Q: 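Here it is, the structure, as structure tokens.
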Amino acid sequence: MQLFFTEEIKPDFKNFILSEEESKHAIRVLRLQVGDKVHLIDGRGGLYEAKILDPHPKRTVLTILNVKENYQQSSYHLHIAIAPTKNIDRFEWFLEKATEIGIHEITPLICEHSERKEVKLDRLNKVIVAAMKQSLKAYIPKLNPAITFSQFCKQQELNTATKVIAHCIDSEKQYLNEVLQSEQHYILLIGPEGDFSTLEIEQALNLGYQPISLGEARLRTETAGITSCVEVSLVNRSK
């Protein structure tokens, strides 16, 4: 399946012109020709089957043959607020793999012990789009602007989602899969390499976040994020 991301397309379109970037990829790289069939995704659940009418390397014209809406729509919503890693490649790896596994919303979280205080959303969104296309998904995860831990908690104070915080301080905790129920809205907090501060943990607990463990091993930030994605996905497949 040749897949192209075209967020401007709508289900009632009869024809569509690919962007210059996607046209170049289709014609110069993939060598597609008149009559070849491709698929388009809009990031909102639409999967479009189309045929090439004019294989122009700057403005390839397509005719829409079929539309599937709500393609592979999830029965749950996973929002991970996670501290960006000092090495941005590791954070990009998290975004790529989380998109492939299944995630709906990501918020870069600036914490007291964070080594990175800002991120470039344009570059990170490109990583997400590439992973979405590679894994044949029609929904694009929402990447929010970076925000401080305190601001994020205040924003989510009245949210009725299942809210959990993964931290390394010894205390009474449950494993993540023990607090999850299927088909729910989940918010997971994952801290930086130096962990959340005691004040941040206290603030989250006071706002109803449940402390959870991801296992006995000490995980890197991006590994903790991926582990969480996998566990949430498995809970929603098995129940």
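Computed from a predicted model, the values in this text were never measured in an experiment.
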Q: Would the distance check show the side chain of Arg90 and the main-chain N or O of Thr85 forming a donor-acceptor pair, the cut-off being under 3.5 Å?
A: no

Q: What heavy-atom pair brings Leu214 and Ala166 nearest, and what distance separates the two atoms?
A: CD1-CB, 4.2 Å

Q: Side-chain contact test, heavy atoms from C-beta onward, threshold under 4.5 Å: evaluate it for Cys111 versus Pro192 and give yes or no.
A: yes

Q: Give the intermediate values and the outcome of salt bridge (charged side-chain N to carboxylate O under 4.0 Å, His left out) for residues Lys68 and Glu49.
A: CA-CA 8 Å; Lys68 293 181 181 179; Glu49 183 182 8; over 6 Å; no

Q: Under a 3.5 Å cutoff, is there a donor and acceptor pairing between the side chains of His185 and Thr162?
A: no

Q: Please answer whether the main-chain N or O of Ile9 pairs with a side-chain N or O of Thr6 as donor and acceptor at a distance below 3.5 Å.
A: no

Q: Of all the heavy-atom pairs spanning Leu207 and Lys163, show the shortest one and how long it is.
A: O-NZ, 3.3 Å

Q: Return the set of residues passing side chain to side chain donor-acceptor pair (under 3.5 Å) with Thr221 (not counting sequence neighbours), or none when no residue passes.
A: Glu193

Q: Identify the heavy atoms of Asp36 and Arg31 that sit nearest to each other, and give their distance.
A: OD2-O, 4.5 Å

Q: Let me know which of Gln155, His79, Gln156 forms a side-chain hydrogen bond (donor to acceptor under 3.5 Å, both in side chains) with Thr107.
A: His79

Q: Any side-chain to backbone donor/acceptor pair from Asn125 onto Ile128? Under 3.5 Å, distance only.
A: no

Q: Check Ala161 against Asn159 and note the closest heavy-atom contact, atom names and distance.
A: N-OD1, 2.9 Å

Q: Evaluate side chain to side chain donor-acceptor pair (under 3.5 Å) for Ser74 paired with His104, printing each intermediate quantity in order.
A: CA-CA 9 Å; Ser74 296; His104 306 86; 3.1 Å; yes

Q: Would His56 and Val61 satisfy side chain to side chain contact (heavy atoms under 4.5 Å, CB included), going step by step from the backbone distance to the final call?
A: CA-CA 7 Å; His56 195 286; Val61 180; over 6 Å; no

Q: Do any N or O atoms from the side chain of Glu200 and from the backbone of Glu112 form a donor-acceptor pair under 3.5 angstrom?
A: yes

Q: Side-chain contact, heavy-atom cut-off 4.5 Å: Ile226 with Ile101?
A: yes

Q: Indicate, with yes or no, if the rings of Tyr209 and His167 have centres closer together than 6.0 Å.
A: no

Q: One thing to verify: whether Glu100 and Lys97 come together as a salt bridge, which I'm taking to mean a side-chain N less than 4.0 angstrom from a carboxylate O.
A: yes

Q: Do Pro211 and Lys173 have side chains that get closer than 4.5 Å, going by heavy atoms?
A: yes

Q: Would you say CG of Asp122 has more than 12 non-hydrogen atoms from neighbouring residues, nucleotides or ligands within 6.0 angstrom?
A: no

Q: For a quick check under 3.5 Å, do Thr148 and Gln151 share a side-chain donor-acceptor pair by atom type?
A: yes

Q: So which heavy atom on Pro141 is nearest to which on Ile106, and how close?
A: CB-CD1, 3.8 Å

Q: Counting distance only, does the side-chain N/O of Asn236 pair as donor-acceptor with the main-chain N or O of Glu183 below 3.5 Å?
A: yes

Q: Between Ser114 (side chain) and Ile110 (backbone), is there a donor-acceptor pair under 3.5 Å?
A: no

Q: Do Glu105 and Asn144 get their side chains close enough for a donor-acceptor pair, meaning under 3.5 Å?
A: yes

Q: For the side chain of Thr99 and the backbone of Ala131, is there at least one donor-acceptor N/O pair under 3.5 Å apart?
A: no

Q: Report yes if the side chains of Ile41 and Phe4 come closer than 4.5 Å at any heavy-atom pair, otherwise no.
A: no

Q: When you group the ILVMFWY residues by side-chain heavy-atom contacts below 4.5 Å and let the links chain together, are Ile187 and Ile201 in the same group?
A: yes

Q: Side-chain heavy atoms nearer than 4.5 Å, only ILVMFWY residues, links allowed to pass through others: does that put Tyr71 and Ile64 together?
A: no

Q: Do we see a donor-acceptor contact under 3.5 Å between the side chains of Asp42 and Tyr48?
A: yes

Q: Pair Tyr186, Leu176 - check side chain to side chain contact (heavy atoms under 4.5 Å, CB included), show working.
A: CA-CA 11 Å; Tyr186 318 99; Leu176 177 58; over 6 Å; no

Q: Using the rule given for side chain to side chain contact (heavy atoms under 4.5 Å, CB included), can you reason through Ile212 versus Ile165, listing the C-alpha separation, both sets of side-chain angles and the distance that settles it, and then say yes or no?
A: CA-CA 6 Å; Ile212 59 98; Ile165 177 171; over 6 Å; no

Q: Do the side chains of Gln174 and Gln210 get nearer than 4.5 Å, heavy atoms only?
A: yes

Q: Would you indicate whether the side-chain heavy atoms of Pro108 and Ile147 approach each other to under 4.5 Å?
A: no

Q: Could you check Leu3 against Leu40 for side chain to side chain contact (heavy atoms under 4.5 Å, CB included), going step by step and ending with a plain yes or no?
A: CA-CA 6 Å; Leu3 200 62; Leu40 315 175; over 6 Å; no

Q: When the ring planes of Phe149 and Phe196 are compared, do they come out parallel, tilted or perpendicular, using 30° and 60° as the limits?
A: tilted

Q: Would Glu22 and Lys133 pass as an ion pair if we require N to O under 4.0 Å?
A: yes

Q: Under a 4.0 Å N-O cut-off, is there an ion pair linking Glu7 with Arg44?
A: no

Q: Closest approach of Ile52 and Leu62, non-hydrogen atoms and distance?
A: CG1-CD2, 3.5 Å

Q: Taking the side chain from Glu178 and the backbone from Tyr175, do they hold a donor-acceptor pair closer than 3.5 Å?
A: yes

Q: Can any side-chain N or O of Thr60 pair as donor or acceptor with the backbone N or O of Pro55 at less than 3.5 Å?
A: no

